[in-house]
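Heads up: the structure comes next, in structure tokens.
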Number of protein chains: 2
Amino acid sequence: MAWNKEHKQQTKEKILVSAAKLFAHNGFEKISIDQVMQEAKLTRGAFYAHFKSKSDLYSQAIIKGAQAAQTRKPKNSNASLANIAQYYLSQTHRDEYDEPPCPLAFLVSDISQQNEDIKNTYTQIFKGFVNQANEHTEDQQKALQSAVLMIGGLAISRALSDEDLSNDLLTACQKAINEF
Amino acid sequence: MAWNKEHKQQTKEKILVSAAKLFAHNGFEKISIDQVMQEAKLTRGAFYAHFKSKSDLYSQAIIKGAQAAQTRKPKNSNASLANIAQYYLSQTHRDEYDEPPCPLAFLVSDISQQNEDIKNTYTQIFKGFVNQANEHTEDQQKALQSAVLMIGGLAISRALSDEDLSNDLLTACQKAINEF
DNA sequence: GTCTATAAATAGATAGAC
DNA sequence: GTCTATCTATTTATAGAC
């Protein structure tokens, strides 16, 4: 029984990791349940033993993706806001497919098209993000501005086909945060 | 002949206006060609006399939407960047369904999931946006930062289910631009 | 150029065997 | 819990009448 429970947990984990990756790069609508299950090396039918709907999966996958993205942050406890911005607003974060990206930036306009449950999930993650920035600035308004420069800067940089402009944008956002 | 040509132009215009509105609020995947044509009071079959594909429509609808959003800007020639930010980062721009919204913010992460043609279109519109900011600041880097605070701020504010936080975010972005 | 009808593919979700 | 099979609905795109 304990073994079964743990096994189920691992299976669910595998589905969530697959979903987090596929959703982050393609959004909710472009990814099918079938694609997620294939990535997790399972079949469609097994899906509903773990999630009650595609929206349910999306919500949980965003949380999983945010946790995974956290592991990429600079780990020293005295890392400055500038340190965090440097990693967050990097070309690697923008381009590297195999590293878990931050769903706050990769899915921002996708979220505003989803139901209230999903917006609640996004909002909670965003609050955590701002709180982390707040530890460095001790100023709620600056924390919000930094969050927008990071999340918004990365999101826009991903939509631009002009790579020079995209790089300039990342740099400009870093500098704005450094000047805080 | 001239009459027919003009009539076709008007029909296409109606399709584009319908598409711009529906796409801006729901993204590319959630809107079907059928929905766009119904909004324009036409049927599916007529669509392909005007556009070669759904992607083609999307690209042209983004341009149309950006032009429509322009008409909402403060019109005085000596409007400051703060004036523009005040309208752009307003609750009305965020919430009002019947006013044409800026696709740069409403579709930012939707665009990064689309093909190169669409990214090119988005990039051109973004460059125009930054150039307008540049007229006020005379500083390319500040223009980029202002653009991120406006577009990113509005985009994130739309994804938040906590209205107080969403409003605070808009205000914080306005203040950051005012301090430039 | 616009219509109706339809082709062809794919989606989310469920049923039942093991 | 996972599988195969299937239901039902929806999608983009095309064909042909008017």
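From a predicted model like this one, the values you see are computed outputs, not experimental measurements. Residue numbers begin at 1 in each chain, while the letters A, B, ... track the order of the sequences.
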Check the pair A:Phe126, B:Leu160 against side-chain contact (heavy atoms from CB on, under 4.5 Å), reporting the backbone distance first and the verdict last. CA-CA 8 Å; A:Phe126 180 74; B:Leu160 299 175; 3.8 Å; yes

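Of the candidate nucleotides C:dA11, D:dA13, C:dA13, D:dA13 has the atom nearest to the side chain of B:Ile33. Distances from the side chain of A:Leu42 to the nucleotides D:dT11, D:dC3, D:dA13 place D:dC3 closest. The side chain of A:Ala49 lies closest to D:dT2 when the candidates are C:dA13, C:dT2, D:dT2. For B:Tyr48, the listed nucleotide lying nearest its side chain is D:dT14; candidates were C:dT6, C:dA13, D:dT14. You'll find that the side chain of A:Ala46 is closest to D:dC3, out of D:dC3, C:dA13, C:dT2. Taking every side-chain heavy atom of B:Lys54 into account, D:dT12 is the closest of C:dC3, D:dT12, D:dT2.
Remark: side-chain polar atoms of A:Ser109 are paired, donor with acceptor, to backbone N or O of B:Asp110 under 3.5 angstrom.
A cation-pi arrangement, defined by a distance under 6.0 Å to the six-membered ring centre and an angle within 45 degrees of its axis, is present between B:Lys73 and B:Phe129. Stacking of A:Arg72 on the aromatic ring of A:Tyr87 is not recorded, the 6.0 Å distance cut-off and the 45° axial limit not both being met. A cation-pi arrangement is present between A:Lys12 and A:Phe51 under the rule of less than 6.0 angstrom and at most 45 degrees off the ring axis.
Taking atom OH of residue B:Tyr58 and atom C1' of nucleotide D:dT12, one finds them 17 Å apart after rounding to whole Å. Between the C1' atom of D:dT11 and the NZ atom of B:Lys30 lies a distance of 15 Å, rounded to the nearest Å. Between the CG atom of B:Asp34 and the P atom of D:dT11 there is a distance of 7 Å, given to the nearest Å. Look at CD on B:Gln38: it is 10 Å from P on D:dT11, rounded to the nearest Å. Distance CD (B:Gln35) to C1' (D:dT11): 11 Å, rounded to an integer number of Å. Atom NE2 of B:His50 is separated from atom P of C:dG1 by 7 Å (rounded to the nearest Å). As a whole-Å value, the separation of B:Leu57 CG from D:dT12 P is 10 Å. Whole-Å rounding puts the B:Glu29 CD to D:dT10 P distance at 17 Å.
In this model, the phosphate group of D:dT2 is not approached by any side-chain N or O of A:Thr43 to a distance below 4.0 Å at OP1 or OP2. Within the 4.0 Å cut-off from OP1 or OP2 of D:dG1, not a single side-chain nitrogen or oxygen of A:Thr11 is found.
In this structure, A:Phe47 reaches neither bases nor backbone, as no heavy-atom distance under 4.0 Å exists between it and the strands shown.
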